[in-house]
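Here the structure is laid out as structure tokens; the discussion comes afterwards.
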Amino acid sequence: MKQYINVLDRPLSKGKQEVSLSGFAFLFSELVQYNQTQVDNIAELERRLEDAGYAVGARILELLCHREKGNRRETRLLGILSFMHSTVWKALFGKVADSLEKGTEHEDEYMISEKELLLNRFISIPKDMGAFNCGAFVAGIVRGVLDNAGFPAVVSAHFVPVEGQQRPRTTILIKFAEEVLQREARLG
Amino acid sequence: MIVCIAVVGHQNNPLYIQSFTEADDALKLHHIVHCSLDVVDERVNNPKKSAPTLNETFLGLLYPTENYKVYGYLTNTKVKFIMVTTDLDVRDADVRNFFRRFHAAYVDAVSNPFHVPGKKITSRTFAERVSTIVKSFGLNSAG
């Protein structure tokens with residue numbers, strides 16, 4: 001290692017791969033507030049947050065696939081779901097998602113749940129907004145990743161009350177399109 | 001000597017085509033790229049080998065024509081990179097290395113929040129990085 005005489009001559013460090021939570025929370029709250037001024041109803045607000053998340057999802061898929069060693073393309077449903085559940089969550093939130101479940105009623109539904117989404121940590125929803133969940137942003141990210149990986153799906157975020165806990169658990173519900181199930185059945 | 005590189009989206013729409021020769025046979029090169037897309041689709045849909053190589057990104061030599069060789073590379077999002085070269089003896093490792101650096105430049109271009117996915121890549125930085133990579137490819141495999 002060369003010793004630099006002048007501290008200004010030293011090369012810049014690579015920096016930490018993290019962003020401060022408060023900085024992100026502030027930026028996200030501004031995003032929500034800006035969208036609130038542009039729309040009249042809740043459904044529209046959710047859709048806008050989802051669209052914002054979609055753009056992030058598309059890019060994070062490209063980035064992660066390039067950085068991951070091995071770089072295999074996921075063609076199976078379980079493959080892409082476990083990729084989402086561990087790799088994407090780790091890159092975005094620093095930890096893997098709490099759980100991944102298969103829906104019981106329908107064949108094409110899967111759920112990723114978190115005790116508390118990092119996004120919602122500093123957000124409290126006023127009563128008159130009903131069932132609105134800022135996790136729609138994360139739902140958009142998931143939809144962006146799945147769509148660009150070749151698994152079109154409809155993704156939404158819901159609150160699920162859990163007894164023993166004050167705040168309800170957040171669940172991201174993923175409903176895959178018909179063609180994905182057919183392809184999966186064909187691949188056996 | 002690389003004569004042409006192309007980035008093609010997942011619906012086979014062109015995202016970026018660049019040729020590196022002075023002669024203006026750009027149309028012929030575009031045509032060659034277009035034909036090689038068929039070969040890519042064929043490779044993807046009918047894998048010759050068993051499961052382990054099913055999800056490889058580097059597709060290898062797609063087809064050799066008169067005096068060109070065409071190499072392909074497929075990313076996770078079905079975006080294809082096509083490279084046309086006139087070199088007769090290109091090492092496999094060199095081509096893989098080229099595609100690795102090209103993929104890095106592509107990911108950086110797509111991470112741009114102003115880039116609309118599905119539209120052509122208009123970033124000048126991307127064009128410059130690609131020219132650098134292409135030039136250094138020629139130098140490395142000349143020996």
Side-chain angles (χ1 to χ4, degrees), chain A residues 14 17 19 24 27-28 30-31 34 51-84 87-88 91-92 137 140-153 179-180 182-184 186-188, chain B residues 7-13 15-16 40-41 43-60 72-81 95-119 121 123 126 129-130 133:
Chain A
K14 234 167 69 168
Q17 302 279 353
V19 176
F24 173 72
L27 182 65
F28 187 65
E30 282 298 313
L31 179 76
Y34 173 74
D51 286 343
Y54 185 89
V56 175
R59 288 167 175 86
I60 200 132
L61 176 67
E62 290 274 354
L63 194 66
L64 285 180
C65 292
H66 183 252
R67 281 190 188 160
E68 288 296 305
K69 307 266 165 30
N71 207 352
R72 300 223 166 282
R73 195 164 69 88
E74 301 290 342
T75 43
R76 307 305 307 255
L77 203 67
L78 282 182
I80 192 74
L81 281 174
S82 57
F83 171 76
M84 170 83 60
T87 319
V88 176
L92 292 177
F137 186 68
I141 296 182
V142 172
R143 189 166 68 93
V145 174
L146 288 176
D147 220 13
N148 283 305
F151 296 84
E179 50 180 350
V180 176
Q182 286 170 0
R183 191 175 67 203
E184 192 65 19
R186 246 202 343 257
L187 284 172
Chain B
V7 179
V8 182
H10 67 97
Q11 280 155 345
N12 285 353
N13 48 324
L15 293 174
Y16 184 80
V40 173
D41 279 337
R43 287 268 180 100
V44 164
N45 292 335
N46 311 324
K48 293 185 291 197
K49 302 160 194 158
S50 59
T53 41
L54 185 56
N55 298 334
E56 269 293 307
T57 46
F58 177 62
L59 300 170
Y73 181 97
L74 183 71
T75 68
N76 270 47
T77 47
K78 299 241 186 165
V79 171
K80 307 162 190 81
F81 301 151
V95 183
R96 281 182 195 261
N97 196 21
F98 169 82
F99 275 126
R100 198 174 45 82
R101 294 161 79 184
F102 191 72
H103 194 170
Y106 171 72
V107 166
D108 285 344
V110 168
S111 304
N112 181 357
F114 295 111
H115 170 255
V116 179
K119 293 279 179 66
I121 301 180
S123 152
F126 178 69
R129 279 178 77 173
V130 165
I133 298 175

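Throughout, protein chains are lettered first and strands after them, A, B, ... in sequence-line order, and every chain is numbered starting at 1.
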**Asked** What is the minimum heavy-atom distance between A/Glu62 and B/His103, and which atoms define it?
**Response** OE1-NE2, 4.2 Å
**Request:** Against chain A, label B/Asn112 side chain, backbone, both or neither, depending on which of its atoms sit under 4.5 Å from a heavy atom there.
**Result:** backbone
**Message:** For A/Leu63, which atoms come within 4.5 Å of any heavy atom of chain B: side chain, backbone, both, or neither?
**Reply:** both
